[in-house]
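Naming convention: chains lettered A, B, ... in sequence-line order (proteins, then strands); numbering from 1 in each chain. Values below: all heavy atoms of this structure, side chains included; hydrogens, waters and symmetry mates excluded.
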Amino acid sequence: MVIDTLENWKRTHDCGSLRIEDERKEVLLMGWVNSRRDFGNLIFIDLRDRDGITQIVFDPQAEKQSHEKAHVLRNEWVIAVKGVVTKRLEGQENENMPTGAIEIVVKELKILNKTEVPPFQVDGAVDASETLRLKYRYLELRRPKIFRNFKRRHMMAACIREYLNTRGFLEVETPILTKSTPEGARDYLVPSRVSEGMFYALPQSPQLFKQLLMVAGFEKYYQIVRCFRDEDLRADRQPEFTQVDLEMSFANEDDVMNVFEGMVKKLFKDILDRDIVDPIPHMEYSEAMERFGTDRPDTRFGMELKDISGIAAGCGFKVFKGAVENGGVVKAINVKGAVSDFSRKILDELSAYVAGFGAKGLAWIKVNDDAWQSPIAKFFTDEEKTSIEETLDAGTGDLLLIVADKPSVVYQSLGALRLNIAGRLNLIPEDRFDFLWVTKFPLVEYDEDEGRYQAIHHPFTAPLNEEVFLLDENPDKARSRSYDLVLNGVEVGGGSVRIHDMAMQEKIFNVLGISKEEADSKFGFLLEALRYGAPPHAGMAIGFDRLVAIMSGVDSIREVIAFPKTSSASCLLTNAPSMVDDDQLKELGLAIKEK
RNA sequence: GGGGGCGUAGUUCAGCUUGGUUAGAACGCCGGCCUGUCACGCCGGAGGUCGCGAGUUCGAUCCUCGUCGCUCCCGCCA
């Protein structure tokens, strides 16, 4: 069979746009055969391109030659047709298709390409495994439903650029081959050929460069930028990902938050035609931890953590009492009306679930009409029971779940349990977008393994002015001028006011146990720059992939990245990473260790 | 680094609990019939290294161990 050439054929329309108003127009469409229905005489083809599907008809009475030619057509062949937009017969309209009122009666057909039988059906009647879909990613991307995600992603990027451009921000590109800074995530390294034995690193973020741009006087910078982190993957973590990165001079935290708040407001309006809650509520880190057990609370539902340490301290149950005596806490959640939903087996599962976060046990209480049904009921007096019920706003039919441990374990396990149960009971409202600013994170935390303090955000984050005095004696009590943007329990972004004063920066390095020599070798260029008239500045970055994923209603950022990697960081399409020639290694002065 | 799940026609899955006949179904594919379908219909057909390796056994898709791949989670991700 001979493949036709395009010659001077030009498309007049896409496959999603023709309507009844276009009746009798001569049109030329091109696309892929989505499906065919061949009656021997009459042949129907659903023709698909990225914009939609249009039904085309081959009728031997209308045009004999192309009808004969059309018998060989198969799914996913590429064709072009000239024909006439025709109103469908009475009662034959398809209301499920935007183009369902019309069809194209074909006068001329060109077969532009045929195909081998695809490894999976592009029309999606039977879904394929992700392994196969990633190997033949270009076929999956052909699916209109997936294509829509990328169209949305493109429109979001355009919307962000427009928003920031009109506010005086400059998009500036920063280096991809840069210097390794072993604070934080593991770097991807790139060996240097010219300087044998030395390495570049791919940036985890443009953090240091954007601060240099502030010293340079650019004042307002942004970049939609690829970042790289060599850490294990998750559904919402890829080794390379895209950030909307921004930095402003002469600005404080409110200025930065206002810019991003306006940006997401515009995004939701322009892309989804939705109004988000305005203004976005703020919550301090400490409150988020107390109420939700996490620094990124999902505020779409309740079931908040309640503290019963006070009651537990005096009760007869040694596990609770002991936890409080050892500096721990006792906290609980109330699963409203859930008594009958949770069998002993499920409670055991939940107990195992919190054990994964280090909790030694999960105490449960079923509040029945007359009494508590619970393995620990006998340890509590009537007054204590009443007091616990009041604290938890508990009544008949409620299930109370309690963890007693050191604070970090209690927060983490109950915070995760709250989400787990909300998922099981379908308590999370779909189609809601709850934004939240979480502010005033601790500046540093003590790292037991390394025996020193570590920056929670990064070492250039400014402490709260009124808490600077804490740095000498109790650095872990000091809080920072930082802020995270949370959407539906997902951290979509974060930032901080930076340190622009050399003396303060040295103080922080001191707290972090970073010697002058170490600081100089790692980021001496930044420290030096701070000496030459650095303006006060602040900034933020949001995870673009995550935001697109949430706004597209998909669970994994792989759905909104054109060519994503698997959870072992490999690309099934190209088979990267791969071995390289010995010659290449030799040029770089590298050798692979024998196994 | 650790834990859970999955791996059987081109694809999605069943079969494995309790080892034993010709390993099935749906979709897809190939051939035939069909003038109003849109998940077209009807008739017929082809298509299998049961991920890979070892072990147990008279006999392994099935049991055991190892290994590889995918996936979810913990650690990790300043």
Side-chain angles (χ1 to χ4, degrees), chain A residues 34-47 53-62 67 74-76 86 88-97 99-100 103 105 115-136 139 181-187 204-205 207-208 227-239 241 349 352-358 412-413 416 419-420 441 443-445 447 449-450 453-461 480 482 491 494 496 508 512 514 522 543 555-556 558 565-568 570 572 575:
Chain A
N34 193 60
S35 64
R36 69 191 171 101
R37 295 174 290 281
D38 185 343
F39 291 81
N41 256 309
L42 218 47
I43 302 170
F44 295 96
I45 299 280
D46 285 345
L47 187 65
I53 291 178
T54 299
Q55 173 165 285
I56 64 179
V57 192
F58 295 90
D59 184 342
Q61 289 178 353
H67 173 265
R74 293 295 182 268
N75 286 353
E76 300 309 317
T86 310
R88 290 198 190 183
L89 297 181
E90 197 70 32
Q92 296 294 336
E93 301 87 356
N94 186 340
E95 288 174 6
N96 298 322
M97 309 169 68
T99 60
E103 61 197 4
V105 177
T115 174
E116 291 185 17
V117 176
F120 58 86
Q121 287 162 252
V122 174
D123 69 4
V126 173
D127 204 4
S129 71
E130 188 163 24
T131 309
L132 203 66
R133 289 184 283 125
L134 286 178
K135 181 167 181 195
Y136 298 94
L139 292 180
T181 51
E183 289 278 308
R186 199 176 288 117
D187 285 321
Q204 299 171 26
S205 90
Q207 179 64 33
L208 301 177
C227 302
F228 306 85
R229 288 178 192 174
D230 186 7
E231 295 291 346
D232 286 355
L233 286 75
R234 290 282 193 285
D236 61 353
R237 270 164 31 190
Q238 282 274 306
F241 59 98
E349 277 173 33
Y353 181 71
V354 295
F357 297 92
Q412 218 193 335
S413 54
L419 291 173
N420 182 311
F441 283 69
L443 188 69
V444 298
E445 68 183 340
D447 184 327
D449 294 337
E450 305 228 347
Y453 289 104
Q454 288 234 332
I456 297 246
H457 196 53
H458 56 58
F460 318 110
T461 300
S480 65
S482 56
E491 182 200 327
S496 63
I508 296 293
L512 297 175
I514 299 176
K522 280 179 182 170
D555 292 329
S556 166
R558 293 191 296 271
K565 294 188 173 51
T566 69
S567 65
S568 52
S570 63
L572 296 177
N575 281 323

Problem set entry | C1' atoms of B/U61 and B/A14, separation to the nearest Å | 12 Å

Problem set entry | First encountered from the 5' end of RNA chain B, between A/R74 and A/E231 | A/R74

Exercise. When you look at A/N75 and A/Q121, which way does the side chain to side chain donor-acceptor pair (under 3.5 Å) test go after all the steps?
Worked result: CA-CA 9 Å; A/N75 286 353; A/Q121 287 162 252; over 6 Å; no

Exercise. Counting only distance, no hydrogens or angles, is the base of B/C77 paired donor-acceptor with the side chain of A/R229 under 3.5 Å?
Worked result: no

Exercise. Which value, in whole Å, describes the distance between the C1' atoms of nucleotides B/A26 and B/U8?
Worked result: 15 Å

For this session: Using a cut-off of strictly less than 4.0 Å, decide whether A/S570 has a side-chain nitrogen or oxygen near OP1 or OP2 of B/C70.
Result: yes

Exercise. A/R133 near the nucleic acid: base, sugar-phosphate alone, or nothing, with a heavy-atom cut-off under 4.0 Å?
Worked result: nothing

Exercise. Under 4.0 angstrom, heavy atoms only, what part of the nucleic acid is A/E103 near: base, sugar-phosphate, or nothing?
Worked result: base

Problem set entry | Separation between the P atoms of B/G15 and B/G69, rounded to whole Å | 27 Å

Exercise. Do you know the tightest heavy-atom contact between A/G184 and A/Q204?
Worked result: C-OE1, 4.3 Å

For this session: Decide yes or no for A/T99 and A/I53: does some side-chain heavy atom of the first lie under 4.5 Å from some side-chain heavy atom of the second?
Result: no

For this session: Select one nucleotide: of B/U71, B/G36, B/G28, the one nearest the side-chain heavy atoms of A/N75.
Result: B/G28

Exercise. With centres under 5.5 Å and planes under 30°, do A/F44 and B/U37 count as stacked?
Worked result: yes

For this session: Name the nucleic acid region contacted by A/I43, choosing base, sugar-phosphate or nothing; use a 4.0 angstrom heavy-atom cut-off, strictly under.
Result: nothing

For this session: For A/D187 and A/R229, run salt bridge (Lys or Arg N to Asp or Glu O under 4.0 Å): C-alpha distance rounded to whole Å, both residues' side-chain angles, the deciding distance at 0.1 Å, then the answer.
Result: CA-CA 6 Å; A/D187 285 321; A/R229 288 178 192 174; over 6 Å; no

For this session: Could you point out which residue of A/V57, A/V105, A/D59 forms a side-chain contact (heavy atoms from CB on, under 4.5 Å) with A/T86?
Result: A/V105

Problem set entry | Aromatic plane relationship, A/H458 with A/F460 - under 30° parallel, 30 to 60° tilted, over 60° perpendicular | tilted

Exercise. So, does the side chain of A/R234 form a donor-acceptor pair with the base of B/G75 at under 3.5 Å?
Worked result: yes

Exercise. Which pair of non-hydrogen atoms, one from A/L572 and one from A/T131, has the smallest distance, and what is that distance?
Worked result: CD1-O, 3.5 Å

Exercise. Is the distance from OP1 or OP2 of B/C70 to the nearest side-chain N or O of A/T566 less than 4.0 Å?
Worked result: yes

Problem set entry | B/G20 versus B/G28 - spacing of their C1' atoms, nearest Å | 33 Å

For this session: Go through B/G36, B/U11, B/C76 for me and flag the one nearest to the A/A128 side chain.
Result: B/U11

Exercise. Rounding to a whole Å, what distance do you find between A/Q412:CD and B/C77:P?
Worked result: 13 Å

Exercise. Base, sugar-phosphate, or nothing: which does A/S413 touch, judged by heavy atoms less than 4.0 Å apart?
Worked result: nothing

For this session: Treat primed atoms plus P, OP1 and OP2 as sugar-phosphate and everything else as base, then score nucleotides 39-52 of chain B 5' to 3': B for base contact with protein heavy atoms under 4.0 Å, S for sugar-phosphate contact only, - for none.
Result: -B------------

Problem set entry | Nearest-neighbour nucleotide for the A/D59 side chain, B/G75, B/U11, B/U35 considered | B/U35

Exercise. Can you check whether A/Q92 has a side-chain N or O nearer than 4.0 Å to OP1 or OP2 of B/U37?
Worked result: yes

Exercise. Taking only residues two or more places apart in sequence, or in another chain, which ones meet A/K565 in a salt bridge (Lys or Arg N to Asp or Glu O under 4.0 Å)?
Worked result: A/E240

Exercise. At under 4.0 Å between heavy atoms, what does A/I456 touch on the DNA or RNA strands: base, sugar-phosphate, or nothing?
Worked result: sugar-phosphate

Exercise. Is there a side-chain contact between A/I45 and A/F58 (heavy atoms, below 4.5 Å)?
Worked result: yes

Exercise. Say you pick atom P in B/A25 and the same atom in B/U64; how far apart are they, in whole Å?
Worked result: 29 Å

Exercise. Ion pair present between A/R37 and A/D46, side-chain N to carboxylate O less than 4.0 angstrom?
Worked result: yes

Exercise. Pick the nucleotide of RNA chain B nearest each of A/R88 and A/L134; which residue has the one closer to the 5' end?
Worked result: A/R88

Exercise. Choosing from B/U12, B/C70, B/G36, which nucleotide comes nearest the side chain of A/L572?
Worked result: B/C70

Exercise. Rounding to a whole Å, what distance do you find between A/Q121:CD and B/C13:P?
Worked result: 13 Å

Exercise. Using the P atom in both, what is the distance from B/G10 to B/U49, to the nearest Å?
Worked result: 7 Å

Seminar exercise, completed: Against the side chain of A/A235, the closest entry in B/C72, B/U12, B/C38 is B/C72

For this session: Tell me whether the OP1 or OP2 atom of B/C70 has a side-chain N or O from A/S129 closer than 4.0 Å.
Result: no

For this session: Could you state the atom-to-atom distance from CG of A/L132 to P of B/G7 in whole Å?
Result: 15 Å

Exercise. What integer number of Å spans the C1' atoms of B/G19 and B/U56?
Worked result: 11 Å

Exercise. Distance between the P atoms of B/G36 and B/C27, in whole angstroms?
Worked result: 22 Å

Problem set entry | Sugar-phosphate, base or nothing in reach of A/T461, heavy atoms under 4.0 Å | nothing

